[in-house]
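What follows is one structure encoded as structure tokens, with my remarks underneath.
Chain letters run A, B, ... following the sequence lines, proteins first, then strands; residues in each count from 1.
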Amino acid sequence: GAVVSQHPSWVICKSGTSVKIECRSLDFQATTMFWYRQFPKQSLMLMATSNEGSKATYEQGVEKDKFLINHASLTLSTLTVTSAHPEDSSFYICSARVGQNNQPQHFGDGTRLSIL
Amino acid sequence: DQQVKQNSPSLSVQEGRISILNCDYTNSMFDYFLWYKKYPAEGPTFLISISSIKDKNEDGRFTVFLNKSAKHLSLHIVPSQPGDSAVYFCAASPLRGNEKLTFGTGTRLTIIP
């Protein structure tokens, strides 16, 4: 149980392109999903908390107009990197939490984004 | 400001022996702690967690110890197996309300056959 699916796993695109990444909870409903970013050999950094039916909460320093988050259903959150540039190249990972407090977040397999 | 620190970037352990991974934190509001295992180009896999009301939690070969006064936790893996070779992240979160996880920088564990 507690499977989180992320798609696509790998994207290469030209600078200026917008890229959408999907995060789905396959066997549970997630009112809250999280989006992280990881640079090579660094830790996972939380970008934003995605809440079903409401606006996402962004961490300090993360541009909300650059990284659009939509959580339209209890099983799907999307992250759109708008007008992507080479500095946006990174590994993006989503997670979802099962149930209430004292429950772990379960992660998708991540999306490797490479902007040329 | 690194609130969760893993001071050992790498660790090598002989197969069959005990692996001990350490993690320190600075934020006294953290009340829930987790360990994740991560392979390259994959998302982290949850291993084990502990809340601040406990000082030990065990699940099979994995045991997490929490010392709140020292703001220190550790993950013990015994016996270590080659498949345990991966990067291990500790993470922390306040228990009530805020669910954000703050991750450490990771420790690369290599099990030597």
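- By the criterion of side-chain heavy atoms lying less than 4.5 angstrom apart, applied directly or through intervening Ile, Leu, Val, Met, Phe, Trp or Tyr residues, B:Phe30 is not grouped with A:Met45; the two fall into different hydrophobic clusters.
- Of residues 71-78 of chain B, not one residue has a non-hydrogen atom less than 4.5 Å from any non-hydrogen atom of chain A.
- Of the atoms belonging to B:Tyr36, it is side-chain heavy atoms, and not backbone ones, that fall under 4.5 Å from chain A.
- For A:Gln42, the part sitting under 4.5 Å from any heavy atom of chain B is the backbone (N, CA, C, O) and nothing else.
- For the set A:Val4, A:Thr32, A:Leu44, A:Ile93, the count of heavy-atom pairs under 4.5 angstrom toward chain B peaks at A:Leu44.
- There is no path of hydrophobic side-chain contacts, each under 4.5 Å, that joins A:Val81 to A:Leu46.
- Taking OG from A:Ser43 and NZ from B:Lys38, the interatomic distance works out to 10.5 Å, rounded to the nearest 0.5 Å.
- Hydrophobic clustering, with ILVMFWY side chains joined whenever heavy atoms are under 4.5 angstrom apart, keeps A:Leu68 apart from A:Val11.
- Interatomic distance, A:Thr57 OG1 to B:Lys100 NZ, rounded to the nearest 0.5 Å: 9.0 Å.
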Please list, one pair per line, the donor and acceptor atoms closer than 3.5 Å that link side chains of residues 83-90 of chain A to other protein atoms, with sequence neighbours excluded.
| unit_1 | atom_1 | unit_2 | atom_2 | d |
| --- | --- | --- | --- | --- |
| A:His85 | ND1 | A:Ser15 | OG | 3.1 |
| A:His85 | NE2 | A:Ser83 | O | 3.4 |
| A:Asp88 | OD2 | A:Lys66 | NZ | 2.7 |
| A:Asp88 | OD2 | A:His85 | N | 2.8 |
| A:Ser89 | OG | A:Pro86 | O | 2.9 |
| A:Ser89 | OG | A:Ile115 | N | 2.8 |
| A:Ser90 | OG | A:Gln38 | O | 3.0 |

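- Residues B:Ile50 and B:Phe62 share a hydrophobic cluster, clusters being chains of Ile/Leu/Val/Met/Phe/Trp/Tyr side chains in contact below 4.5 Å.
- Through direct or indirect side-chain contacts shorter than 4.5 Å among Ile, Leu, Val, Met, Phe, Trp and Tyr, A:Met33 is connected to no other residue.
- When the heavy atoms of residues 103-113 of chain B are compared with those of chain A, the residues falling under 4.5 Å are B:Phe103, B:Gly104, B:Thr105, listed by number.
- A:Leu79 and A:Leu113 fall within the same hydrophobic cluster, where Ile, Leu, Val, Met, Phe, Trp and Tyr residues are linked whenever their side-chain heavy atoms come under 4.5 Å apart, directly or through other members.
- Using a 4.5 Å cut-off on side-chain heavy atoms (C-beta onward), B:Leu101 and A:Tyr36 make contact.
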